[in-house]
Participant: 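The structure follows.
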Protein chains: 2
Amino acid sequence: MNELTIARAEILKAIAQPTRIKIIEFLRDGERCVCEIFPAIAEEQSNTSRHLKMMQSCGILARRKEGLKIFYALKHSEVLGILELVLSILKKEISGRNGLLQVV
Amino acid sequence: MNELTIARAEILKAIAQPTRIKIIEFLRDGERCVCEIFPAIAEEQSNTSRHLKMMQSCGILARRKEGLKIFYALKHSEVLGILELVLSILKKEISGRNGLLQVV
DNA sequence: CCACTGTATGATTGTATGCTCATACAGCAA
DNA sequence: TTGCTGTATGAGCATACAATCATACAGTGG
């Protein structure tokens, strides 16, 4: 199996999960502390921590320490671009299905 | 949990898998028959069939029947755009790590 | 030192995923 | 009809994932 293909799947998998998408959306406006992130997305601290670690080790999040607090931020704006493209697929799909519904 | 967030994760999950990425790449130039796809990506017929079905029910592949043969095609060019963005993340990550290596 | 806050991690559980093998099914041809 | 080709699917298995709870760890302040 092609290494590059596996690496691409890894990056995409790191985005393809609801909790992680919520994190990414919350980080859209810039760096945030863990203690801000998990209440904002309404997930447990431990669960949030694991997702953050996962995305950081995949290279899509940056991590910065400041005393007790840990700040995470998006490293690549492409991640937001990917979510945009997904949204536009969804929009087309939904309108396509509406079309079908009208026919039926 | 937000419905839209789950839907976005679903679409991304449908792409975030090596075998499915190979299929998508193979369909880049247009519609192909199953009997062309599975030898091209070097996977079993049954496995390929499942992945094709999965992507079709997610709405990212179109399916057309012609006699015995079934043809699949990409429905949204955004899918290729997503793969492009992932590639550019990977390129930046790899060069970043090379940079680190040079420092160390 | 101790207590406290913020973050990470071990253990566990239930569920989902990807693959393989065998088999079923659909459509054509003899 | 029978046989053949192309595709889909059921069963089983091994592995991966996400979530939770409890606990550990790091850093600060008293």
Side-chain angles (χ1 to χ4, degrees), chain A residues 1-3 5-27 31-74, chain B residues 1-3 5-27 31-74:
Chain A
M1 175 82 71
N2 185 1
E3 280 295 322
T5 304
I6 294 174
R8 287 205 276 183
E10 290 256 303
I11 299 270
L12 280 169
K13 240 185 355 186
I15 309 176
Q17 207 276 340
T19 303
R20 294 197 286 272
I21 292 180
K22 287 193 291 181
I23 292 174
I24 291 168
E25 289 289 357
F26 185 65
L27 294 178
E31 192 185 55
R32 296 282 185 180
C33 168
V34 177
C35 59
E36 298 175 285
I37 299 173
F38 78 85
I41 65 171
E43 292 289 337
E44 291 228 340
Q45 180 268 322
S46 64
N47 193 27
T48 306
S49 176
R50 276 181 225 279
H51 283 297
L52 288 167
K53 180 183 183 178
M54 192 266 209
M55 289 193 276
Q56 191 232 337
S57 52
C58 267
I60 70 178
L61 293 189
R63 194 182 118 115
R64 187 174 67 85
K65 215 170 189 167
E66 188 178 316
L68 261 183
K69 299 191 175 180
I70 310 284
F71 292 83
Y72 284 92
L74 292 177
Chain B
M1 175 81 70
N2 184 1
E3 281 295 323
T5 304
I6 294 175
R8 288 205 277 183
E10 288 258 302
I11 298 273
L12 280 169
K13 243 187 350 188
I15 310 176
Q17 207 277 340
T19 303
R20 293 196 287 271
I21 293 181
K22 287 193 291 182
I23 292 174
I24 292 168
E25 289 289 359
F26 185 65
L27 295 178
E31 192 185 55
R32 297 281 184 179
C33 168
V34 177
C35 61
E36 297 174 286
I37 299 173
F38 78 86
I41 65 173
E43 293 288 337
E44 290 228 339
Q45 179 269 323
S46 65
N47 192 28
T48 306
S49 175
R50 278 181 224 279
H51 284 296
L52 288 168
K53 180 184 184 177
M54 192 265 209
M55 290 192 278
Q56 191 232 335
S57 52
C58 266
I60 68 177
L61 292 190
R63 194 184 119 116
R64 187 175 67 86
K65 215 169 188 166
E66 188 177 316
L68 261 183
K69 298 192 177 180
I70 310 283
F71 292 83
Y72 284 92
L74 292 176

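Predicted model only: the values in this text are computed from it and were never measured. A note on names: the letters A, B, ... follow the listed sequences, proteins ahead of strands, and every chain is numbered from 1.
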Participant: Can you check whether Glu43(A) reaches His51(A) side chain to side chain, under 4.5 Å on heavy atoms?
Facilitator: no
Participant: What is the distance from CG of Leu12(B) to P of dC17(D), rounded to the nearest Å?
Facilitator: 16 Å
Participant: May I ask you to verify if any side-chain N or O of Thr48(A) is less than 4.0 angstrom from the OP1 or OP2 atom of dT7(C)?
Facilitator: no
Participant: Quick one: Ile21(A) CD1 to dA18(D) P, roughly how many Å, whole number?
Facilitator: 11 Å
Participant: Figure out the CD/C1' separation between Glu10(A) and dC17(D), and round it to whole Å.
Facilitator: 13 Å
Participant: Rounded to whole angstrom units, what separation is found between the CZ atom of Arg64(B) and the P atom of dG6(D)?
Facilitator: 16 Å
Participant: Shortest non-hydrogen contact from Arg63(A) to Ile70(A)?
Facilitator: CG-CG2, 3.6 Å
Participant: State, to 0.1 Å, how close Tyr72(B) and Leu27(B) come at their nearest heavy-atom pair, and which atoms those are.
Facilitator: O-CD2, 3.5 Å
Participant: Considering non-hydrogen atoms only, spot the tightest contact between Glu44(A) and Phe38(A) and give its length.
Facilitator: O-CB, 4.2 Å
Participant: Would you list the protein and nucleotides 26-30 of chain C atom pairs, both N or O, that sit under 3.5 Å from each other?
Facilitator:
none

Participant: Has the side chain of Arg20(B) got a donor or acceptor atom that lies under 3.5 Å from a matching backbone atom of Ala14(B)?
Facilitator: yes
Participant: In whole angstrom, give the distance that lies between atom NZ of Lys13(B) and atom P of dA18(D).
Facilitator: 8 Å
Participant: Can you check the Glu44(B) CD to dA22(C) C1' distance for me, whole Å?
Facilitator: 11 Å
Participant: What is the distance, to the nearest angstrom, from the CD atom on Glu43(B) to the P atom on dC21(C)?
Facilitator: 12 Å
Participant: Please table the atom pairs, donor to acceptor, closer than 3.5 Å between any side-chain atom in residues 52-62 of chain B and protein atoms at least two apart or in another chain.
Facilitator:
residue  : atom : partner  : partner atom : Å
Ser57(B) : OG   : Lys53(B) : O            : 3.0
Ser57(B) : OG   : Met54(B) : O            : 3.1

Participant: Side chains of Arg8(A) and Glu25(B), heavy atoms from C-beta outward: is any pair under 4.5 Å?
Facilitator: yes
Participant: I want to check one thing: is the phosphate of dT17(C), taken as OP1 and OP2, less than 4.0 Å away from some side-chain N or O of His51(B)?
Facilitator: no
Participant: Might you point out which heavy atoms bring Ala16(A) and Leu12(B) nearest each other, and give the distance in Å?
Facilitator: CB-CB, 3.4 Å
Participant: For Phe38(A) and dT20(D), what is the distance between atoms CZ and P respectively, to the nearest whole Å?
Facilitator: 13 Å
Participant: Could I get a table of every N or O pair under 3.5 Å where one atom is in the protein and the other is in nucleotides 8-10 of chain C?
Facilitator:
residue : atom : partner  : partner atom : Å
dA8(C)  : OP1  : Arg63(A) : NH1          : 2.2
dA8(C)  : OP1  : Tyr72(A) : OH           : 3.0
dA8(C)  : OP2  : Ser49(A) : OG           : 3.0
dA8(C)  : N7   : Gln45(A) : NE2          : 2.9
dA8(C)  : N6   : Gln45(A) : OE1          : 3.2
dT9(C)  : OP2  : Lys53(A) : NZ           : 2.9
dG10(C) : N7   : Arg50(A) : NH2          : 3.3
dG10(C) : O6   : Arg50(A) : NH2          : 2.0

Participant: Can you name the nearest heavy-atom pair linking Ile21(B) to Ala9(A), along with the distance?
Facilitator: CD1-N, 3.6 Å
